[in-house]
Amino acid sequence: MIEHKILFTGTVGAGKTTAIQAVSEIPTVCTDVISSDLTIGKKMTTVALDYGEVSLGQSERLRLYGTPGQARFSFMWDVLAKGALGLIILVDHTHPDPLKDLNLYLQHFARLIKETACVVAISKMDKSRPPPLQEFIGLLHKNHMANPVIAADVRDKEQVLWILDLLLAQMEVRV
Amino acid sequence: MPDMPDKDRISLSYTAVSCADKEAVLLKSVFALYGLRGNINWQYQNSMGADFVIIGTEMSSSSVDLLLRTRIGAKQAVLWISDASLVSDKTRHVFRCKPPLHPSHFANELKQVELFFRGGARHDPSRSPSLPPSSSASLSPQIAALREEFPDNFYVRLMSWPSPELLSDDRFLWRLSAMLSARSMTVAELAERSSKPEDVCREFLRRLSDAGCLKKIPQEDHREPLPSSALRETKTTAEGGLSGLFRKIRVSLGLSS
Ligand SMILES: Nc1nc2c(ncn2[C@@H]2O[C@H](COP(=O)(O)OP(=O)(O)O)[C@@H](O)[C@H]2O)c(=O)[nH]1
Ligand SMILES: [Mg+2]
């Protein structure tokens with residue numbers, strides 16, 4: 001079985017579990033224990049990790065991972081990022097400083113973003129409160145990135161599929 | 001402003017039905033502007049037989065459906081100001097604007113409508129469009145200018161994601177932008193990848209360029225990006241390698257390709 005993966009990242013409450021659930025063929029698994037292949041170094045840490053699946057015929061499978069949100073688990077992000085086909089960053093617009101949240105992920109995943117594909121989805125977007133979408137776009141631009149930035153309600157499956165569509169559009173031109 | 005040569009200017013009629021007062025005023029002013037600088041001479045006509053029929057927000061979806069099936073011919077273009085989805089019709093050329101109508105959205109659609117009447121670019125991907133070859137002498141000045149601005153051998157690359165206003169809710173424009181965010185491409189390649197005529201792509205590139213989102217790279221300055229190691233190392237059993245894998249993912253998710 002060949003396995004591929006797409007990563008969902010974002011702060012706690014940004015909608016990772018919801019988004020993965022929307023498209024996964026299996027009920028989303030929220031693991032609390034690191035499996036052995038994810039163990040890094042000495043310490044065994046418990047983290048929350050979302051996992052969903054889409055089967056791709058007999059011999060292949062697409063895994064959807066939701067990274068633990070907190071920056072203290074960032075060592076996990078690198079493990080998960082290895083070999084990923086693309087990244088979806090979910091930004092909770094109701095957070096105190098959503099631009100700072102986004103910046104953290106842009107920095108940390110810079111290489112994955114530049115080498116594969118990335119969509120930034122702003123969840124719980126309320127247009128009447130700052131920052132406007134344009135500022136998120138501006139932040140990407142400052143990081144020399146022009147990836148899609150979209151306001152989305154990930155409770156709606158169609159919107160999650162649209163995010164994945166834009167992610168695939170980027171992957172497709174890279175081969 | 002010098003007048004356009006007469007042979008390049010065509011006269012077309014438009015009509016507007018079921019428009020709210022605000023919409024009617026906006027339409028009138030945009031047409032007045034276009035009458036001055038476009039290469040189509042738009043004349044108002046109080047009849048459903050007009051070349052271009054604009055349907056305002058005050059008509060219900062079912063009436064629009066009926067109208068399209070019974071009153072609109074295949075050579076007419078329609079613009080419907082609505083969020084609603086169309087139920088039945090695939091044979092008429094229906095352009096869309098979201099309410100509340102915005103002058104720039106309408107102007108953008110009008111450009112597409114003009115391309116449609118220029119005998120070329122079609123709005124609907126299900127109809128295969130045919131444009132005159134690049135060397136054609138009978139090109140409209142607009143298209144000729146676009147071809148000059150975005151020559152076949154230039155690469156373009158997105159420098160910044162476009163605003164939602166620029167993309168409106170046209171999925172084709174979103175996909176095109178996503179492609180251009182990943183890598184620089186020539187107009188020809190963009191057209192092939194998106195299955196759209198080159199001139200339709202150019203028209204959009206022009207808007208991206210106006211918005212400061214685009215970088216043009218002459219062929220001699222272009223460097224092929226290194227293939228990403230992440231994707232290079234991806235193994236798949238899919239026929240056609242990675243392209244096949246992405247196709248498989250689309251099919252499994254129920255996405256169109
Ligand atoms: N209003 C709104 N609520 C959302 C959106 N996305 C997720 N939620 C809700 O936010 C809560 C947290 O979502 P969850 O998927 O658990 O976030 P996670 O911590 O990133 O996995 C849930 O109650 C979701 O229903 C959105 O776009 N809009
Ligand atoms: Mg979660």
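Keep in mind the model is a prediction, meaning the values are calculated, not measured. Chain A is the first sequence line, chain B the second, and so forth, proteins listed ahead of strands; every chain is numbered from 1.
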Proximity breakdown for [X] and chain B, heavy-atom pairs closer than 4.5 Å:
X        : answer
A:Leu161 : both
A:Leu166 : both
A:Leu56  : both

For [X], which atoms come within 4.5 Å of any heavy atom of chain A: side chain, backbone, both, or neither?
X        : result
B:Leu180 : neither
B:Arg157 : neither
B:Thr234 : side chain
B:Thr236 : both
B:Pro164 : side chain

Which atom pairs, donor and acceptor, lie under 3.5 Å between side-chain atoms of residues 144-151 of chain A and protein residues at least two apart or in another chain?
| unit_1 | atom_1 | unit_2 | atom_2 | d |
| --- | --- | --- | --- | --- |
| A:Asn147 | ND2 | A:Cys118 | O | 3.4 |
| A:Asn147 | ND2 | A:Gln170 | OE1 | 3.0 |

Kindly assign one of parallel, tilted or perpendicular to the pair B:His102 and B:His105, based on the angle between their ring planes and the thresholds 30° and 60°.
->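 Answer is tilted, since the angle falls between 30° and 60°.
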
Axial cation check for B:Tyr155 ring with B:Lys216, 6.0 Å and 45° limits |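 No, B:Lys216 and B:Tyr155 do not form such a contact.
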
Do you know which of A:Val23, A:Leu85, A:Asp165 has the most heavy-atom pairs with chain B at a distance under 4.5 angstrom?
->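 Maximum pair count with chain B is reached by A:Asp165.
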
